[in-house]
Amino acid sequence: MRGKKPKDAAQKGGNGAVTRRDFLRGASLAVSTGLLAADGAAVASPPESSAAAVVGPGKVPVTLRVNGQVHRLELEPRVTLLDALRNDLDTTGSKRVCDRGTCGACTMIVDGKAVYSCSLLAIEAEGRNITTIEGLMKDGRLSPVMQAFIDNDAQQCGFCTPGFVMAATALLAERRHLTPEEVNRGLGGNICRCGTYHGLRLAALEAAKRMKA
Ligand code: FES
Ligand code: FES
């Protein structure tokens, strides 16, 4: 992530790793100073001469499009996308582990990009297409990435697995011809404490082959 705007703050970088410093820089604008426009869009720089309305700290209406469904919520502007989904929508597939943009357990896909949802405000996700692990199944069938994770025994405790599946799904949506090194880099923003890296990298490569076929 090299985004200058808080809206892009949680996106992973080209090597899959998120830069906490960049997020904190963005968040300090969006959260600490409460610079959130009335329409939910984060203001990128202090509006010295602008008359942009400030919202919060109380609850404000926030509309989120999650897995194709529109949800109207009342949230404090400080609430992260991860907490909004887990606490208000009971959508708990994305896990809260480090809660600071380090482990990737909370990875969701927002407008086609893998993001750390613990590091993106829910209000910043308004108007964007949010996909969680719950949204990957179609007609009761596992997605190719999900199936490849099972077939390659790519999980132990499973706590990191939804995040890895989402990161691999975003990676394969961009490109289906991937070398092992590119898979390593693409999944480099996620951590597995059980050490199932061998299996999950095989799973991503196999999913790529199946999707190409
Ligand atoms: S819980 Fe979001 S990166 Fe760890
Ligand atoms: S399978 Fe346990 S943390 Fe990855």
Side-chain angles (χ1 to χ4, degrees), residues 1-13 18-47 52-136 159-160 162-163 165-167 169-170 173 189-190:
M1 167 210 77
R2 298 288 181 270
K4 301 293 185 292
K5 293 190 286 186
K7 182 179 273 191
D8 298 327
Q11 282 187 11
K12 297 175 180 184
V18 77
T19 307
R20 283 184 60 210
R21 184 180 306 158
D22 284 354
F23 166 68
L24 293 171
R25 189 186 303 131
S28 68
L29 286 173
V31 183
S32 304
T33 59
L35 296 176
L36 294 165
D39 64 359
V43 176
S45 56
V54 175
V55 297
K59 291 185 175 183
V60 295
V62 178
T63 302
L64 298 177
R65 191 181 310 121
V66 183
N67 300 327
Q69 285 199 321
V70 173
H71 300 273
R72 292 185 173 78
L73 304 172
E74 296 276 326
L75 300 170
E76 292 177 17
R78 69 181 175 88
V79 173
T80 64
L81 180 60
L82 177 65
D83 284 347
L85 264 61
R86 288 185 59 85
N87 299 338
D88 292 77
L89 295 180
D90 207 19
T91 303
T92 56
S94 309
K95 304 305 180 202
R96 189 178 199 255
V97 178
C98 69
D99 203 26
R100 58 181 62 190
T102 300
C103 73
C106 64
T107 302
M108 298 180 190
I109 298 176
V110 178
D111 285 347
K113 301 282 181 200
V115 303
Y116 295 143
S117 63
C118 70
S119 302
L120 181 71
L121 297 176
I123 200 168
E124 293 177 293
E126 273 205 311
R128 303 171 78 178
N129 287 309
I130 302 156
T131 305
T132 68
I133 188 84
E134 289 88 347
L136 295 189
F159 221 72
C160 69
V165 169
M166 298 309 288
T169 299
N190 292 59

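Just so it is clear, the structure is predicted and the values come from calculations on it, not from any experiment. All values below were derived from every heavy atom in this structure, side-chain atoms included, with hydrogens, water molecules and symmetry-related copies excluded.
- Closest approach of T80 and C118 over heavy atoms only: CG2-O, 3.3 Å.
- Put simply, CG on L82 and OH on Y116 are 13.0 Å apart, with the number rounded to the nearest 0.5 Å.
- Taken from CD in E124 to OG in S119, the straight-line distance is 10.5 Å, to the nearest 0.5 Å.
- Taking 4.5 Å as the limit, some side-chain heavy atom of L81 sits within range of a side-chain heavy atom of V110.
- Residues forming a side chain to side chain contact (heavy atoms under 4.5 Å, CB included) with T169 (at least two apart in sequence, or on another chain): I109, L136, V145, V165.
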ask   = Between V79 and V62, is a side-chain contact (heavy atoms from CB on, under 4.5 Å) present by the stated rule, with each step listed?
value = CA-CA 11 Å; V79 173; V62 178; over 6 Å; no
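- Sequence neighbours left out, the pairs with a member in residues 55-73 that pass side chain to side chain donor-acceptor pair (under 3.5 Å) are R65-N129, N67-T132.
- Residues D88 and E74 have side chains not in contact (no heavy-atom distance under 4.5 Å, counting atoms from C-beta outward).
- Results of the side-chain contact (heavy atoms from CB on, under 4.5 Å) test with N87 over L85, T91, D83 single out D83 as the only residue that passes.
- With sequence neighbours excluded, the residues satisfying side chain to side chain donor-acceptor pair (under 3.5 Å) with D99 are R96.
- Scanning both residues, A122 and L75, for their nearest heavy atoms gives CB-CD1, 3.7 Å.
- Closest non-hydrogen pair, C106 versus S94, comes out as O-CB, 4.1 Å.
- The closest side-chain heavy-atom distance from V60 to P77 is below 4.5 Å.
- Residue T92 comes nearest to R86 through the heavy atom pair O-NH1, 2.9 Å, listed as atom of the first residue, atom of the second, then distance.
- The closest side-chain heavy-atom distance from L89 to L73 is below 4.5 Å.
- The salt bridge (Lys or Arg N to Asp or Glu O under 4.0 Å) search around D111 returns R128, not counting sequence neighbours.
- In terms of the side chain to side chain contact (heavy atoms under 4.5 Å, CB included) criterion, residue partners of A105 (sequence neighbours excluded) are, by chain and number, K95, V97, C103.
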